[in-house]
2 protein chains.
Amino acid sequence: MPRAPRDRTQHERILRDLKDRIVSGAWPPGFQLPFELKLAEDYGVSRMTMNKVLSQLTREGFLVRRRKLGTFVATPQAQSAVLEITDIESEVRALGLDYGFALHERAIRPPSESERREAGIAAAEPGEVLFLRGVHFAGRAPFCLETRIISLEAAPDAREQDFSREAPGRWLLERIPWTSAEHRIRAVNAVGATAKLLGLDPGEACLEVLRRTEIAGQWVTLVRQSYPGSKHQLLAQFTPRADAG
Amino acid sequence: MPRAPRDRTQHERILRDLKDRIVSGAWPPGFQLPFELKLAEDYGVSRMTMNKVLSQLTREGFLVRRRKLGTFVATPQAQSAVLEITDIESEVRALGLDYGFALHERAIRPPSESERREAGIAAAEPGEVLFLRGVHFAGRAPFCLETRIISLEAAPDAREQDFSREAPGRWLLERIPWTSAEHRIRAVNAVGATAKLLGLDPGEACLEVLRRTEIAGQWVTLVRQSYPGSKHQLLAQFTPRADAG
DNA sequence: TAGTGGTCTAGACCACTCC
DNA sequence: GAGTGGTCTAGACCACTAG
């Protein structure tokens with residue numbers, strides 16, 4: 001056939017076709033596909049186009065390719081979920097609620113011992129950090145308690161910034177290009193100030209997200225966000241696998 | 001220059017170079033790149049190779065491309081973390097601990113109302129599900145309480161399977177190719193059977209992961225995993241953005 | 001209408017790996 | 001050595017969109 005009838009592009013149509021065969025089980029794990037050149041002929045495209053499709057399916061984890069041996073349907077192993085975490089203001093507004101932020105503490109000081117450890121700051125580094133603590137509101141209800149330190153070396157402009165109304169997360173997001181970060185997610189019992197600021201009874205379960213962001217190996221910010229456990233849940237959407245990048 | 005000296009491939013070398021410029025801030029958000037053809041000439045490659053690089057950076061969220069206008073450095077917005085979730089046995093063994101699984105309940109029955117709702121089973125569907133509840137052990141300590149239902153339509157072999165020793169997660173993972181799934185992560189206070197099976201005092205915080213897996217639109221399994229909050233945390237590694245797939 | 005990105009081709013050379 | 005995937009080229013046409 002010379003050309004596809006109603007598909008957007010050639011490789012899209014082939015991609016869909018191959019995925020269908022794999023997820024339907026018609027091509028089970030371990031199945032050997034025809035060789036690249038043969039597939040290209042079968043689908044009536046050039047080898048380059050076929051290669052594009054097969055490369056993408058390999059990146060996505062559907063296929064395994066080995067020189068001289070051929071192309072095989074992969075055995076599913078690791079599952080990678082993509083956890084989308086927008087800034088909290090967007091999250092609250094997406095719920096159709098008014099958003100607000102109230103700053104409770106602000107200080108410029110050297111990082112504490114535990115902060116050094118968690119942010120990965122070398123003991124030799126003499127710099128100061130901007131410490132912030134505040135509450136995000138959804139409507140009139142506390143939505144999230146945020147405790148954060150910001151590297152004044154990575155973000156010197158933060159020193160002059162007034163975060164009494166604007167949450168630091170979005171401010172940073174718009175200015176600092178981050179390259180990597182790390183999440184730790186755990187459940188804790190709310191105690192003391194955390195419980196009080198979130199309007200919880202002591203002992204209620206909280207979802208705690210600890211995020212460390214860095215740019216090119218240097219830490220930018222370390223933030224701990226506590227959500228009332230009963231009122232919040234993180235959503236993660238699965239994809240077959242992350243690409244190698 | 002006719003050819004690169006010591007880089008694996010042309011597009012790898014260009015990819016690295018462009019990423020460096022973006023994350024270093026030399027090309028800030030909003031910066032307009034030279035046109036594709038110009039870049040290809042500058043780097044001494046064909047337009048196809050250059051396009052491959054620019055397409056990948058666009059998929060990864062570093063760039064935004066618009067016909068007629070040009071190519072621009074993207075403003076970072078949504079952060080997507082890749083949450084790697086291996087099966088629990090691997091997780092436990094990675095900690096250097098012995099792994100064990102103990103099945104507490106097993107039943108074949110129609111899904112309950114709430115299970116229907118959470119798994120997305122149409123009321124019309126008459127099928128039965130395999131219900132399982134068991135505890136994963138790390139050494140002698142309870143590591144995770146798992147409550148699961150499996151679609152006997154999607155996985156008919158599960159009916160004959162004895163899960164008294166082997167956890168159903170890995171069994172499924174090796175047999176059923178999944179196409180998508182969804183996570184809900186929240187914190188709850190342990191009560192009743194959950195607390196007892198995990199060896200917790202009532203009221204202690206638990207991390208609860210609810211996962212729904214499907215293949216080609218049909219649900220396969222719905223599982224609720226409860227971890228003692230104080231002893232477990234999820235780790236998520238950041239990447240700049242997920243590709244569109 | 002003109003210029004950009006989006007896609008595709010036919011052919012080529014190389015690298016790896018099994019035989 | 002032979003056959004596979006990995007990469008690259010030079011050129012082409014198309015689709016979208018700003019002006």
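Worth knowing before you read on, the calculation uses all heavy atoms, side chains too, and leaves out hydrogens, waters and symmetry mates. Chain identifiers are assigned alphabetically (A, B, ...) following the order of the sequence lines, protein sequences preceding nucleic acid strands; residue numbering begins at 1 within each chain.
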### Message
Measuring to OP1 and OP2 of dT9(C), would you say a side-chain N or O of Thr49(A) lies under 4.0 angstrom away?
### Response
yes

### Query
Rounded to the nearest Å, what distance is computed from the CD atom of residue Gln10(A) to the P atom of nucleotide dA12(D)?
20 Å

### Task
Determine the contact category for Arg47(A): base if any of its heavy atoms lies under 4.0 Å from a base atom, sugar-phosphate if only primed atoms, P, OP1 or OP2 are that close, otherwise nothing.
base

### Query
Rounded to the nearest Å, what distance is computed from the CG atom of residue Asn51(A) to the P atom of nucleotide dT7(C)?
15 Å

### Query
Would Ser55(A) and Asn51(A) count as having a side-chain donor-acceptor pair, cut-off 3.5 Å?
yes

### Task
Round to a whole Å and report the spacing from CG of Leu33(B) to C1' of dT4(C).
14 Å

### Query
What class does the angle between the rings of Tyr227(A) and His232(A) fall in, given that below 30° is parallel, 30 to 60° is tilted and above 60° is perpendicular?
parallel

### Heavy-atom neighbours of Glu153(B) CD exceed 12 at 6.0 Å
no

### Task
Hey, which sits more toward the 5' end of DNA chain C by its nearest nucleotide, Lys52(A) or Leu69(A)?
Lys52(A)

### Query
So, Gln32(A) side chain and Leu69(A) main chain: donor-acceptor pair closer than 3.5 Å or not?
yes

### Query
Checking all strands, does Thr71(B) fall into the base, sugar-phosphate, or nothing category for heavy-atom contacts under 4.0 angstrom?
sugar-phosphate

### Task
When you get a sec, tell me which of dT17(D), dC8(C), dC18(C) is the closest nucleotide to the side chain of Lys68(B)?
dT17(D)

### Task
Find the distance Met48(B):CE to dG6(D):P and express it as a whole number of Å.
15 Å

### Message
Against Tyr99(A), only a single residue in Arg93(A), Glu91(A), His136(A), Glu89(A) fulfils side chain to side chain donor-acceptor pair (under 3.5 Å); can you say which?
### Response
His136(A)

## Note on the structure
Considering only heavy side-chain atoms of Thr9(A), the closest of dT7(C), dG3(D), dT9(D) is dT7(C)

### Query
Considering only side-chain heavy atoms of Phe35(B), which listed nucleotide, dC18(C), dA10(C), dG5(C), is closest?
dG5(C)

### Message
From CD of Gln56(A) over to P of dG6(D), roughly how many Å is that when rounded to an integer?
### Response
14 Å

### Query
So, is Arg65(B) near the phosphate of dG6(C), with a side-chain N or O under 4.0 Å from OP1 or OP2?
yes

### Query
So what's dG19(D) paired with, Watson-Crick or G-U wobble, going by both distances under 3.5 Å?
none

#### Entry: Length of the line joining Arg66(B):CZ and dT17(D):P, which is rounded to integer Å
8 Å

### Summary
Here the distance between atom P of dT4(D) and atom CG of Leu63(A), to the nearest Å, is 17 Å

### Task
Could you please name the option among dG5(C), dT9(D), dT17(C) that lies closest to any side-chain atom of Arg67(A)?
dT17(C)

### Query
Expressed in angstrom and rounded to an integer, what is the separation of Leu57(A) atom CG from dG6(D) atom P?
12 Å

